[in-house]
Protein chains: 2
Amino acid sequence: MQSPQKVAPTNCLIFLPLLHRVWEDHILSPTEISEMQALVLKQTWLQQDEKEWLLAKIDPNHPPKIKELKSWQAKIKALRPEQEVGLFEIGLALVRIENPHIKLSEHVAKDFMATESAIGILGKEATYLYKKRHETISSGDLREDTFDHKKMSEILDGDQRKLIQKVKTIISDPLFRYQEFENLNEQREQVLNWCTDLAKQGFGSWAYPHHAGGKDDMEGYFTIMETLSFHDLSMVIKFGVQFGLWGMSIYFLGTEKHHHKYLRDIGSLKLPGCFAMTETGHGSNVRGLETTATYNHLDQTFTIHTPHPDARKEYIGNAALHGKMATVFAKLIIDGEDYGVNAFVVPLRSDNGKLFPGIRIEDCGRKMGLNGVDNGIIYFDQVKIPKENMLDRFASINAEGEFESPIQSDNRRFFTMLGTLVGGRIGIPRSALSACKSGLTIAILHGEKRKQFGPEGGEEVPILNYRMHQRRLMRPLATIFALQFALQYLTKRFLGRTEDDAQEIEALAAGLKAYTTWFTSATLQECREASGGKGYLSENRIDALKNDTDVYTTFEGDNVVLMQLVAKNRLTEFRKEFGDMNLFTILNYLANQTKTNITEKNPVITRSTATEHLLDFDFHLNAFRYRERSILSSAARRLKRLIESGMDSFDAFNVAQHHLVEVGTAFIERVILQEFQQKIRTITDKDCQNTLTQLCQLFALQTLEKHKGWYLEEGYMEGIKTKAIRKEVNQLCWEVRKNALALTDAFEIPESCLAAPIAVR
Amino acid sequence: MQSPQKVAPTNCLIFLPLLHRVWEDHILSPTEISEMQALVLKQTWLQQDEKEWLLAKIDPNHPPKIKELKSWQAKIKALRPEQEVGLFEIGLALVRIENPHIKLSEHVAKDFMATESAIGILGKEATYLYKKRHETISSGDLREDTFDHKKMSEILDGDQRKLIQKVKTIISDPLFRYQEFENLNEQREQVLNWCTDLAKQGFGSWAYPHHAGGKDDMEGYFTIMETLSFHDLSMVIKFGVQFGLWGMSIYFLGTEKHHHKYLRDIGSLKLPGCFAMTETGHGSNVRGLETTATYNHLDQTFTIHTPHPDARKEYIGNAALHGKMATVFAKLIIDGEDYGVNAFVVPLRSDNGKLFPGIRIEDCGRKMGLNGVDNGIIYFDQVKIPKENMLDRFASINAEGEFESPIQSDNRRFFTMLGTLVGGRIGIPRSALSACKSGLTIAILHGEKRKQFGPEGGEEVPILNYRMHQRRLMRPLATIFALQFALQYLTKRFLGRTEDDAQEIEALAAGLKAYTTWFTSATLQECREASGGKGYLSENRIDALKNDTDVYTTFEGDNVVLMQLVAKNRLTEFRKEFGDMNLFTILNYLANQTKTNITEKNPVITRSTATEHLLDFDFHLNAFRYRERSILSSAARRLKRLIESGMDSFDAFNVAQHHLVEVGTAFIERVILQEFQQKIRTITDKDCQNTLTQLCQLFALQTLEKHKGWYLEEGYMEGIKTKAIRKEVNQLCWEVRKNALALTDAFEIPESCLAAPIAVR
C-alpha cells in the first residue's frame, strides 16, 4: 500500500473525532480495528483514496505520531463544540468548514452511532475532551439556604441568647487574640490573665450567691463555659478548675462560714485554688482514695497526710503554679476509725507563691493539649489544718470530737457529696460540643472552597460535593444539633433535680458526657482528615481543638467506667433481682419485653422500605426504645444466669462489660432522639422546623445504620430495610449538604475565635 | 419496750454478721424486717431478753448508731474469716469466743440459710466485707507466656533480622536520646543532625547503586524506615524525604548522568533536597498540576514558573530550611503544546543557604506533629534551568527540540512515572505499624501494672483484666501481626513486580497504606484513652506517636481517594463493560457469583456456631472472599445500571463512592487474612504457630464482627451465628491477653526508644 498523503482529505475529517478517540490511549483493540474498518468500507460516498487514507490511520502497526494526534485534538477543540453534540456531529462540522454544502444520507449518521456503541463509547461522554464545559449534578453549586440562620441561632441559644452574645462579644475583644507561645510558662500566664479578665466581667462568680458577688445563676455558668469554648480550651479548663471545681467544692460541700470566707475571692480570682481529688493510684475509683485526714482531739485540728507515693494527688489543675489553696479529699480518721472520704480546705502557697511546710508539688509538664493549664502533683507530709477547714455540709465533728452526719451510710454520704459535683459532667460535654462546632465549621467551609478532581474535561469539584465527604461531615453535623438539645435538657433536669430523680440525672450526665466526648474525638478526627494537609497545619486550629479535647474522654471519669455506671443505674430496675429474690418484677418486665417483640416485630415494619416510613419519627423512636429495652433486659437476664450459675458477681459484671456499655449507649441514644423530636415540635418557624426535622432524621437513621447488625440479629429489621436505610442516610447527607454552610452560620462562632485561614467566609 | 442493754448478749452474737449486713445501707426493707423477725422468734434456744435485744436491733425506728455498726464490723473482721465460710459460720465463731462449748441443733443453721436466701444475700459474697481476701477469676494474675518471644521476634523480622538489630543498636545510642525542645528550630536542627548520623551509617544510600556508595538493597531501605520508626517520627519522615522522595526521584526518574552527578551526595546528606510535587490547588489530584516547564529552543533551557498562587508547591519537606535542590513536577510545554507532567531538577539555595533568584519560599510553620520536619511553600518566578536537568528516563527532548518518549500516551507515561514512586506507599504504612507497636506496648504494659476497682473487699484489679480493656487493646494487637505479614508480602511483590502485575501491586500498596494508617490512628486513640490521664502526659509518648502519624492518612494520597483507586483497579475486571459492550465477561462473572451464593449459603454454614467451625481458617477465608466478590460485582452492577440509565459516569461514581470504598476495603482485608494464614503454615515452632493462629483467628473474627451487618443483610450468616462470633471475639481477647506482654516483648522495641515512664518493664 503506497503511503497515503499526510493531510486528511476533507471528507475524512468526519472520522477525525472517532479516530482521535480510539487512538487516545495509543492502543487499538481488535474490536476497534474491525469495527472501524467495517465503518469505513460501508461508506460508499467516499473515494478510494479517502478510504485508503482512513484504513492507513487504523493500522495498529503505524499509529499516528504524538504530534499528529495533538494536531487532530487542536482542530476539534477549535470548534468549541456544545455540551450536547456527539462525535459524529463534530466530525460533520469539521467537514463543513472546508465543504459547507456537503449532503449525506441519514444512513451515515446511523452507521457512526452503531460503531460508537459497538466499541463501547458512552454517548456524549466520549466528546467531553473537546468541549468547553462538562457539567454534572456533582459539579454544580449545591448551596441552598432554605432557612434564616439567625432564626436558627435563636433556637439554638434559647433563653440564654443574651448571655451567649455577651460572652461572644468579650472573647472577640483584641485582648483575646490567639498567639503562638514560646514556652509553657508564657502560655500559662496568658491563660491566667484571660481568666482574670473573665472574672472582671463577673463570669467567675456567676453561679455563686449574691453575697459573694455572684448572680446565683448556675444555668448561666454552664452557658458561659459552653460559649467560652469557642475560644482557647486551656482557658476554659482553667476557668472550670478555678470557678467550677475549686469554687463549687466550697459552695456545695462547705457551709455559710466557708462561703463568706472564700467565695468572693475565688470568684474574683484573688484566691486561685485547686480541686485535689484524683490520686495516682486511684483515677476513676475515687472511693479508694488513701490520703488521710486524722482528727486531733487535743488541739482540734486535722493532720492531712500522703501515706505513700501512690496516694499523691495527680493532674491537679492550678497546682503547679497558681493555686494558693486546695479542696483536698481524704479519708477522715477519728480514734483510728475510718469515716470515709471527706473534703478539707488546705492552704498550699503564701501570697508570694512560696509553698507552706509539708507541701510538696511537682509539675506534670507537657501534655498532649491544654498546656495553658498548670497541672501538678501534690504530696502532703503531716500538714495540720484547723477544725473549721473541714467542709462540713454533709459531715462534721461535734464538740465531743464525735463524727456526725445527717447521712448515716459512708457510701451514701460519699455519693451524695459527689452528686453535688456532677456539674462537671455537664460542663465538659457542653464545652466539647462547642469545640465540635468549631472543627466542623472549619472543615465544612474548607470543603466548600476546596476543589479536587472532576468530570473529564470539566472543572474541578468542591470536595463537599463528594458523597464520602458528605458522610464524613453531614452525619456529625446532624448529631451536633441532636446533642445541643439533649445537653440543654440535661441542664434543666440537673438544675431542677430532687432526691428522687437525682440518681437518674447523674446517670444521664455520666452517659451524655461519655457519648458527647467520644463523638467529639471522632468528629474532630474526621475534620482533620477531611481538611487534608491544611487540617494538619496548626494555623487552622483543628490541631488544638483535637488535642485539647482529647482528654475529655478521661476527665470527670473515664468514659468506659461512666457508661457502666449508667448501665448499673438502668439495672436498678432489676436490683431486686439481686437484692431480694422476689422475681416478680423481673419476670413481669421480661413479659413486657416479649409483648413488644410481638407487637413491633411484624413483617410490615421489619420489611417496609417506604421513604415516608423510613423518615417517620415514630418509627425512629420505637426502634430506639426497642433496642434500649431489649439490651437492658438481656443484660439483666445474662447477669442473673451467670450469677446463679455460681459465678462471682464481679466476674459476671466483667464478662458482661461490653454488653453493659451497650446498655448505657442505647439509653443515651434514646434520650437524645426523644428530646430532639420533642424540641422540634415546639419550633414555630417552618423553615427551621423543616431543616431540624431533616437533621433529626439523619441522626436517627445514621444511628440505626450504625446498629443495623444488632437490629438484623434481633430480626427487628430485614436486610432489604437496612439497605434502604443506608441509601436514605446517603440521600439525607446530600440534602443536608445544601444547608451545610447556613447551619454553621447558625453557630455564630466569632470570626476571631474560629481564626483558621482555610475557614475565612 | 424498755431500752435493751448496749452490749450484745453472747448468744446474740450469732446474729451479728446478719445484722451488720442488713443494716449496712442503714435501711431495713420490709422483707428484711419480716424475715429477720421470723428468724429470731423461731430460735427457741434463745432467752426472752436475748430475743428482745435482737428485735430491738431490727426496729427501723431505732437504727444502730454509726459507731455501733462499726464496732460490729470490727468484731467480725477481727476474726479474719476464710474465703469459704458464710455469715452463719462467722456468727457462730463469734459466740464461741465467749462460749466455746455452745451446742446448736442443725435446724439453726438451716433457718439462717433460709433467711439469707429469702432476703437475697448472694451466698458467700455477703461476707466479703469481712474477709482477708476476695479472689475472683478477673482479679487473678492472668499472664501466661505460652511461647518464646525471641523465637517470635525472629519470625517477625524474617531475613531482615540482622539489619533490624543493627538499626536498633544505632538508635539506642545515647546520641539518639529524646529531648524536649525549646522551639521549632532547635527541634529541626536536632532532626537534621540525627539524619546525618544515620547517613554516616550508610542507611541513607542503602537503596542506591554501588557506584553511589549504596548497597543496591531496596528491601533493606524499607526495613530501615520501619525500624527507625520506633524512634522519633520527625526523624523518619525527614529521612524519607531526603533519601526516599528526593533521592529516589533522581534514581528512578533520572538517568545515568543524574545518578552519577547527585546520588552520592544525596545519600551522604551533603546535598539535602526536596520532592516538589504537591500544589496548593492540587493535593491528591496530581494530574492537575499547573506549574510549567517551558522549553526554550534558543539556549536549550527550561523556564520553571508558578503561573498563579494556587500552583505553588506546598507542604514540601526540607524546603523551609535545608533543601538545596528540588525535583519539581511541572507540565512540559514545547512550542505552546502541553506534553503533560514531567520532572526537573531545580536548584533552590546556595551552599550558604541563600535562595537563588526567582525562588520564593515560605515556612509552613507549626503542625499538629512532625515539627522536626521543615515543610515549606515554594514559588517559582521564571526560573531557568539547563536542558540536562530534565529527569529524562521516561521522556526527553531530542536535538531537534522535539518531545520524545518510549511511552506515547501522556496519561500512561505519567502513571508509569508515578508507579516508580509507589515506594512511599510502602514506607508509610510500615512506619505507621512501628508507631502502633510502640503505642500498644505502652498501653499494654500500663494496663498490666495499673489497678482500678475490684471485687468487694478484694484487691484492685489490673485494668488489662477487664473485658472492655481487652477488646480495646487485644483486637489491634492481633491486627498488628496481620499487617506485619501483609506489608512484608506487599514489599516482596513490589520488589519483584513486572509490567503485568504493576497495576495490581500499586492498588495493593494504595489499599494497604490507607488501611494501615486508618488502623494506626484508631489504635493510638484507643491507647491514649486506655492509658487515661497518664496517656495524656507527653512524657508517655502516645502524644507524639498519635500526632506525628495523624497525617499518614493524608500523606502519599488521601486514604479515601486511595481506596477508590483500589476499587477502580478491581473494577478493571469489568472495564470491558464500559469499554467494549461485550457483556460476556460480566455475565459470566455474575453467574459465578450466583453459584457461590448457592454453594456457600447453605444452612449448615449460615447457622453453625460450633467453636471449631468459628475458628476454622477456611470458614474465615471463604467469608472474606465471598464479601470481596459480592461487593465488587454489586458495585459493578450498580455503576452499570446508573450509567445505562443515562447518568453521567462521574455522577455515577460519586453516588457509589461509599460502595467503592467498601470494595477496596474488602479486597485489602481478604489479602491480609490470606497472607497471614499463608505465613502461619510456614512456621515450624509449634508454640509460636499456636499463638499466631489465635491472633489470626482474632483478626478474622473481629473483622467478621465489624461487618456482621453486611453478612446478615446478605443472608450469609444468621443472627445466632453473628452473636456466637461476638462471644468468640471476647473469649479470644481473654486468651490473647494472657500472652499480651510476651507479644509486646516480641517487638523488641529498644527501651530508650519506648521511653514512657508508665511502660517501664
Side-chain angles (χ1 to χ4, degrees), chain A residues 25-26 29 31 66 70 117 119-120 122 125 136-138 283-285 315 337 364-368 403 408-409 452-453 455 466-468 471 528-529 532-533 536-539 543 550-551 553-554 558 560 579-581 648-651 654-655 657-658 661 708-709 712-713 715 719 722-723 730, chain B residues 25-26 29 31 66 70 117 119-120 122 125 136-138 283-285 315 337 364-368 408-409 452-453 455 466-468 471 528-529 532-533 536-539 543 550-551 553-554 558 560 578-581 643 648-651 654-655 657-658 661 708-709 712-713 719 722-723 730:
Chain A
D25 61 358
H26 297 265
S29 76
T31 319
I66 299 185
K70 289 191 185 292
S117 81
I119 59 183
L122 291 163
E125 294 202 28
T136 68
I137 304 163
S138 311
S284 299
N285 184 13
Y315 318 116
E337 197 66 69
C364 289
R366 275 213 175 274
K367 308 185 293 296
M368 185 179 280
F403 182 83
Q408 299 295 301
S409 157
Q452 284 283 283
F453 302 102
Y466 289 105
R467 299 291 190 139
M468 277 299 291
R471 274 183 72 89
R528 209 298 292 156
E529 293 180 34
Y536 196 64
L537 300 178
S538 301
E539 64 176 19
D543 171 6
D550 199 86
V551 76
T553 57
T554 304
D558 170 78
V560 172
D580 170 349
M581 274 304 173
D648 188 289
S649 68
F650 181 75
D651 289 324
N654 192 15
V655 168
Q657 202 175 31
H658 180 224
V661 170
K708 72 177 181 181
L712 289 160
E713 273 178 351
T722 55
K723 286 178 180 176
N730 292 338
Chain B
D25 61 357
H26 297 265
S29 76
T31 318
I66 299 185
K70 288 191 185 293
S117 81
I119 58 183
L122 290 162
E125 295 204 26
T136 68
I137 305 165
S138 311
S284 299
N285 184 13
Y315 319 115
E337 197 65 68
C364 289
R366 276 214 173 273
K367 309 185 292 294
M368 184 180 279
Q408 299 297 299
S409 156
Q452 284 282 281
F453 301 102
Y466 289 105
R467 300 291 191 137
M468 275 301 290
R471 272 183 74 88
R528 209 298 293 157
E529 292 181 34
Y536 196 64
L537 299 179
S538 301
E539 64 176 19
D543 171 6
D550 199 85
V551 76
T553 57
T554 304
D558 170 78
V560 172
F578 305 118
D580 171 347
M581 273 305 172
I643 291 167
D648 188 290
S649 68
F650 181 76
D651 289 323
N654 192 14
V655 168
Q657 203 175 30
H658 180 224
V661 170
K708 71 178 180 179
L712 289 160
E713 273 177 352
T722 55
K723 286 177 180 176
N730 292 339

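Order of the sequence lines fixes the chain letters, A, B, ..., with proteins taken first and strands second; residue numbering starts at 1 for each chain.
- In this structure, chain A has heavy atoms under 4.5 Å from both the backbone and the side chain of B:Y536.
- With a threshold of 4.5 angstrom between heavy atoms, A:V661 approaches chain B through side-chain atoms but not through N, CA, C or O.
- For the options A:E337, A:R528, A:K708, heavy-atom pairs under 4.5 Å to chain B are most numerous at A:R528.
- Here the shortest heavy-atom pairing between B:Q657 and A:M468 reads OE1-N, 2.8 Å.
- In this structure, the portions of B:V551 lying under 4.5 Å from any heavy atom of chain A include both its backbone and its side chain.
- Options A:V655, A:N654, A:L712, A:T722 differ in how many heavy-atom pairs under 4.5 Å they form with chain B, and the most are formed by A:N654.
- Contact annotation for A:R366: both backbone and side-chain heavy atoms come within less than 4.5 Å of a heavy atom of chain B.
- Of the two parts of A:Y466, the backbone and the side chain both hold a non-hydrogen atom closer than 4.5 Å to a non-hydrogen atom of chain B.
- Scanning for side chain to side chain donor-acceptor pair (under 3.5 Å) contacts around A:D543 gives A:S538, A:N547, with sequence neighbours left out.
- Within the 4.5 angstrom heavy-atom criterion, only side-chain atoms of A:K70, from C-beta onward, approach chain B.
- Contact tally against chain A (heavy-atom pairs below 4.5 Å) for B:G709, B:G365, B:S138, B:C364: the top residue is B:S138.
- Chain B forms the most heavy-atom pairs under 4.5 Å with one residue out of A:I137, A:D550, A:L537, and that residue is A:D550.
- Within the 4.5 angstrom heavy-atom criterion, atoms from both the backbone and the side chain of B:R467 approach chain A.
- Judged by distance alone, the side chain of B:D648 and the main-chain N or O of A:T136 form no donor-acceptor pair under 3.5 Å.
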